[in-house]
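By convention here, the first residue in the shown sequence is residue 1.
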Amino acid sequence: MISLHVNELSKYFGKNLVWQNISFDHERGVLGIEGPNGSGKSTLLKCLSGLLSPSSGTVSWENCGQQLEIQTVKHNIGYAAPYISLYRELSIIENLQFLSKLRKITIKEGQLNRLLERVELDQATDKPYGNLSTGQQQRARLAAALFTNPPVLMLDEPGSNLDEQGRSLVSDIVAGAREEKKLVILASNNPDELALCDRIFSVRKEEVVGP
C-alpha cells in the first residue's frame, strides 16, 4: 500500500511565502486539501507529486514501508487539474494513446472506449481536444488521470466547468477509488467536493481535520 509522508514543508516564490512548516501523513482513503483561492492548494499538490520542488522540508512516498523514487511516484499518479491540458490538435483517443506511449504501457482500444463511455465522451472520441467545450475538456482530463488505473489519484478542483451530471461523475470516481483502496488527494474549496473526503488538511490552518 502506498503512503505519503510530508515533513516541515515550506514554499516560497521569490520572497513571497505560500505556506510553511506543513507536516502530515496520508495512508488510505481520501484526503481533502482545503483553502480559499490563492491559498496554495495547487502549489501543494504540485510539490507532493514532484511537479514542483519545495523550498524546504521533505515529501516521502512509500510502498509497504519502502521509499519510492520520484519517477516511480510519477508513474503511479493520475493527476487531473485545470492547468494540466492535453494536445489541442489531437482527438481524445489520440491523446490517450500518446500518453500510453509516453508511459510505455499498452492500453487496449476496448479499455479506452469503456473509459470514455464512463466519462460520457464516447460520442466525442474523434473530436480534437481544442474543439471540445470546457466541460468536455474537464471530462477528458479526468479520463487522462484514470486511464492507467493508477493507485494514487490527485484531483485539483475536479468539478471545474462541470454540470450536475459531471459533478456526480466526480463523486463516482472518488467513491470507486475509495472502494479499490486507492490513495486520493482532492484539492478544492467546494463544500460538496470536500464532503467526499475522509479527512481534510486546511492550508489556512495548516492542520488535518479528521481521523
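- No donor-acceptor pair closer than 3.5 Å links the side chain of W19 to the backbone N or O of L9.
- The existence of a salt bridge linking D122 and R114 is excluded, since no basic side-chain nitrogen approaches an acidic carboxylate oxygen closer than 4.0 Å.
- The hydrophobic clustering, which links ILVMFWY residues whose side-chain heavy atoms are closer than 4.5 Å, places M1 and V59 apart.
- Counting only N and O atoms by type, the side chains of Q138 and S160 include no donor and acceptor under 3.5 Å apart.
- With hydrogens and angles disregarded, no donor-acceptor distance shorter than 3.5 Å links the side chain of R199 to the backbone of V30.
- Looking at R178, its side chain does come within 3.5 Å of a backbone N or O of L196 through a donor-acceptor pair.
- Contact of the Q67 side chain with the S60 side chain is registered, since non-hydrogen atoms from C-beta on lie closer than 4.5 Å.
- Side-chain contact of K11 with N16: a donor-acceptor pair under 3.5 Å is absent, judged by distance alone.
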Evaluation steps, side-chain hydrogen bond (donor to acceptor under 3.5 Å, both in side chains), between N37 and N189: CA-CA 8 Å; N37 292 337; N189 57 9; 3.0 Å; yes
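- A donor-acceptor contact under 3.5 angstrom links the side chains of S188 and E193, judged on distance only.
- No close placement of the Y87 and Y129 rings is indicated, their centers lying 6.0 Å or farther apart.
- Tested against I77 for a side chain to side chain contact (heavy atoms under 4.5 Å, CB included), the candidates I185, V152, L51, L45 yield a single pass: V152.
- Annotation: cation-pi geometry satisfied between K46 and Y83 (NZ/CZ under 6.0 angstrom from ring centroid, within 45° of ring axis).
- What you find for G32 and L194 is that their closest heavy atoms are CA-CD2, 4.4 Å.
- The shortest heavy-atom contact between G166 and D163 is N-OD1, 2.7 Å.
- The minimum heavy-atom distance linking V6 with D25 is given by the pair N-OD1, 4.1 Å.
- Under a hydrophobic clustering in which Ile, Leu, Val, Met, Phe, Trp and Tyr are joined whenever their side-chain heavy atoms come within less than 4.5 Å, directly or via other members, I105 and I93 fall into the same cluster.
- Environment of NZ in K127: sparse, with no more than 12 heavy atoms of neighbouring residues, nucleotides or ligands closer than 6.0 Å.
- D156 and S42 share a side-chain donor-acceptor pair at under 3.5 Å.
- The side chain to side chain contact (heavy atoms under 4.5 Å, CB included) test with L186 is passed by exactly one of I173, L31, V174, I200: V174.
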